[in-house]
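Working notes, beginning with the structure itself.
Chain identifiers are assigned alphabetically (A, B, ...) following the order of the sequence lines, protein sequences preceding nucleic acid strands; residue numbering begins at 1 within each chain.
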Amino acid sequence: MFPSVIIQDKKIASFIFGQEINEETFQHVEAFDQFINNKYKKHLVETVPTYHMVTVFFNKEIAQDQSLLTDIVNKWNQLEVQLQSSISRKITIPVCYDTQFAFDLERVAEELGLTTEQIIKKHSEPTYKVYLIGFLPGFPYLGGLNKELFVPRLDKPRKSVEKGSVGIGGRQTGIYPVTSPGGWNIIGKTPIDLFDVNRDPAFLLQPGDQITFKSISIDDFYKVKESMEENPQNILNIIDTKI
Amino acid sequence: MKQLLKVVKKGVFSSLQDNGRYRYRRFGIPTAGPMDQLSFELGKKILGNKENSTALEIFYGGVSFLSLAKHEYVLVGADMNATVNGKPIEPWKTFILNVDDLLELNVSTEGSIAYLMALGGFNTNSVLNSTSTYLKANLGTVIKKDTILYGTSDQPDVLKHRTGLYKSFIPNISDCVKVRVTPSYHLPFFIEEDVDHFFQSEYQLTNGDRMGYYLQGPLMRMKVKKDLLSEPTMFGTIQVPPNGQPIILMADAQTVGGYPTVGKVVEEDLWKVAQLRYGNRISFEYQPIGNTTDSVRFEKDEENEKSIIY
């Protein structure tokens with residue numbers, strides 16, 4: 001697919017693949033992000049993929065002489081992009097839905113006319129896609145929330161939501177990677193850190209990942225938490241990763 | 001590591017910054033780094049510091065330090081009427097502090113940000129390949145009373161000769177600036193009249209921090225209410241939230257945002273924005289890409305470098 005190219009500054013350009021959130025547009029975004037990072041590494045500072053575009057920060061000027069941009073678009077168009085085969089990691093994140101952490105679970109259940117068990121089931125059933133990461137360090141924007149769980153955000157955001165809290169709000173679900181103010185309905189908590197600078201990798205998730213939530217007991221929550229505190233590297237044994 | 005300075009008075013807000021933290025924007029980590037990149041670059045060149053050395057970025061002055069060792073420094077950026085033991089010193093020119101000297105930065109009359117740079121740079125922990133401070137993720141250092149600033153021990157304490165920047169090359173910090181803006185593809189979503197006003201009028205800085213500068217002036221309204229997809233934002237992006245008053249995203253710019261944008265302040269002009277004080281005025285010049293000329297940046301230009309520093 002031919003992207004629209006937008007030059008944002010002398011060394012910054014964006015490649016746009018559509019105007020809405022859908023799987024096909026995002027497959028192009030993912031494939032292009034991999035393509036440019038593989039083939040043009042020496043010209044790049046970094047790239048930021050989002051729902052419908054990839055913004056590329058170059059380490060040299062691309063605006064005056066646009067031959068590099070032309071070359072990129074031409075090479076991309078010549079590629080037989082195997083969109084289906086774009087590699088995506090599958091990660092299972094443990095979540096404790098106990099009301100000790102799930103401040104809003106009972107109220108949300110009432111609002112939606114569901115039992116708390118139904119909410120937990122509907123939340124931990126689907127596979128979610130990480131479309132982009134932003135807003136907070138390591139904060140994933142996930143696609144794939146069951147429509148029956150669409151619920152308004154809090155009228156008044158909480159001043160502080162603890163890191164690891166799992167929330168739903170509007171059409172979205174997500175996890176707070178660091179303690180911060182937040183307006184989502186909190187329905188659970190994960191004992192693992194999405195972001196820890198003392199760990200390699202510092203960030204658990206990246207755009208394109210597929211994740212599922214696994215319901216765990218409160219005992220398991222503390223077991224996992226302890227194990228993480230012992231050695232942040234233990235995360236690799238805790239999350240169930242398949243590539 | 002060698003102890004260089006102890007903070008006596010912490011002032012408004014001062015943080016350690018290097019060039020910035022790159023390659024982590026896809027994980028939601030802003031680049032951070034210096035707000036006034038021009039002064040920062042020139043300061044490093046005056047001292048001959050390494051490309052990625054660390055400096056202290058100081059907002060609005062009111063800060064003082066006790067010297068713990070003999071060492072050479074330079075102050076660049078906004079003139080904060082600094083004194084050593086009560087005697088005025090000149091910015092943009094290196095100076096030596098001896099043990100027990102008191103360095104005081106007072107208030108600036110023009111500009112808002114100064115950099116205190118030590119010969120060899122300050123020594124501090126690098127996290128995710130950078131020493132730059134980004135508070136939301138608890139990265140870096142914001143100074144408090146009694147914070148100790150360290151130097152590197154493998155560096156000489158002082159230069160052979162005092163150096164400085166020739167006067168004609170000192171950036172002209174102003175309280176009324178015009179900056180060039182690369183238009184955004186969102187521009188057609190705004191009412192045309194409002195877009196015209198944006199590029200013909202003055203805005204005033206009302207509030208701000210390292211993340212964004214809030215402006216007040218003619219309203220920017222959308223033609224129709226449009227839900228935009230979140231997309232990458234950066235240092236210089238001009239966002240318009242629903243109240244119609246623009247915000248210029250600064251060095252700690254969030255990596256993605258969902259508000260419509262007017263455009264991006266070109267890289268070479270960002271320092272002018274950074275140095276604005278509350279109440280100062282700013283106007284914008286429509287500058288489609290391909291026409292920017294670069295007159296103020298001295299990137300890796302060895303010839304140029306020799307002629308600007310004495």
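Closest of all the heavy-atom pairs between A:Thr55 and B:Pro232 is OG1-CG, 3.2 Å.
For A:Ser4, no part lies under 4.5 angstrom from a heavy atom of chain B. For B:Glu231, the parts sitting under 4.5 Å from any heavy atom of chain A are the backbone and the side chain alike. Residue contact with chain B, scored on non-hydrogen atoms closer than 4.5 Å, involves the side chain of A:Tyr141 exclusively. Only the side chain of A:Ile12 comes within contact range of chain B, judged by heavy atoms closer than 4.5 Å. Contacts between A:Asn37 and chain B at a heavy-atom distance below 4.5 Å involve the side chain alone, from C-beta outward. Using a 4.5 Å cut-off between heavy atoms, A:Ile21 contacts chain B through both its backbone and its side chain. Of the atoms belonging to B:Leu228, not a single heavy atom falls under 4.5 Å from chain A. With a 4.5 Å cut-off on non-hydrogen atoms, A:Pro207 touches chain B through its side chain but not through its backbone. Neither the backbone nor the side chain of A:Leu194 comes within less than 4.5 Å of any heavy atom in chain B. Residue contact with chain B, scored on non-hydrogen atoms closer than 4.5 Å, involves the backbone and the side chain of A:Val45 alike. For B:Tyr134, the part lying under 4.5 angstrom from a heavy atom of chain A is the side chain only. When heavy atoms are compared at a cutoff of 4.5 Å, A:Asn198 does not approach chain B at all.
Using cut-offs of 30° and 60° on the angle between ring planes, the pair B:Phe27 and A:Phe203 is parallel.
Between chain A and the residues B:Met234, B:Arg25, B:Arg23, the most heavy-atom pairs under 4.5 angstrom are made by B:Arg25.
Here the CG atom belonging to A:Asp9 is positioned 6.0 Å from the CD atom belonging to B:Glu267, to the nearest 0.5 angstrom. Distance OG1/B:Thr182 to NZ/A:Lys10: 10.0 Å, rounded to 0.5 Å. Annotation: the span from B:Lys136 atom NZ to A:Phe135 atom CZ amounts to 6.0 Å, rounded to 0.5 Å. For the atom pair A:Ile6 CD1 and B:Lys264 NZ, the distance stands at 14.5 Å (nearest 0.5 Å). Distance CD/A:Gln8 to OG1/B:Thr237: 6.5 Å, rounded to 0.5 Å.
No more than 12 heavy atoms of other residues, nucleotides or ligands sit less than 6.0 Å from atom NZ of B:Lys50.
Between the side chain of A:Glu46 and the backbone N or O of B:Tyr24, at least one donor-acceptor pair lies under 3.5 Å.
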| Do B:Arg26 and A:Thr47 pass the side-chain contact (heavy atoms from CB on, under 4.5 Å) test, and can you show the C-alpha distance, the side-chain angles, and the key distance before you say yes or no? | CA-CA 7 Å; B:Arg26 61 166 51 232; A:Thr47 64; 2.8 Å; yes

